[in-house]
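One-based numbering, in listed order, for ligands and for the atoms of each. Index from 1, following the sequence.
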Amino acid sequence: MGKSKQVGNHKSGKKKHIAKTWKTKRRTKDLDQIHADMIPGNAAKLLKQEVDYDVTGSAQHYCLHCARYFVDLKTMKEHFKTKVHKKRLKKLREEPYTQAEAERAAGMGSYIPHKTIEVHTQQVEENMD
Ligand SMILES: [Zn+2]
């Protein structure tokens, strides 16, 4: 037994950054919202957004599957290679859970197994310069 572990108390000079930890870290979309975004019509709109200077990269580089904006094409491409993005694609392969499916699973009607869908990283324009 060495030193007794002192748990933060009234004496501790360090301020705990509770406010910081709890700050909503720019909440990302839920998977079902992203599924909706993946519908071609919606996707096209999201991938070709109007220039918005308040948004990272002026909203010109958007990863559809992660619902994230990137500063430039290079950064976005780098992101496509990351684990986060690949994991996300995997997750998105499962179709959103629908009420109809819940009912089938509960024995109402015939159960149709969970379908998986193909999800690929969006195409990026290569001709940058
Ligand atoms: Zn991504």
For this session: Quick one: the NE2 of His79, the Zn ion (ligand 1), SG of Cys63 angle, rounded to 10°, please.
Result: 110°
Exercise. So do the side chains of Gln122 and Met76 get within less than 4.5 Å of each other, counting heavy atoms only?
Worked result: yes
For this session: Considering just N/O/S atoms, say which atom of His85 is closest to the Zn ion (ligand 1).
Result: ND1
Problem set entry | Heteroatom test (N, O or S) for His65 near the Zn ion (ligand 1), limit 2.8 Å | no
For this session: Could you label the plane-to-plane angle of the Phe80 and His85 rings as parallel, tilted or perpendicular, counting under 30° as parallel and over 60° as perpendicular?
Result: tilted
Seminar exercise, completed: Correct closest heavy-atom pair for Ser58 and Tyr53 would be OG-CD2, 3.6 Å
Exercise. What is the ring orientation for Tyr62 with Tyr69, classed by angle as parallel under 30°, tilted 30 to 60°, or perpendicular over 60°?
Worked result: tilted
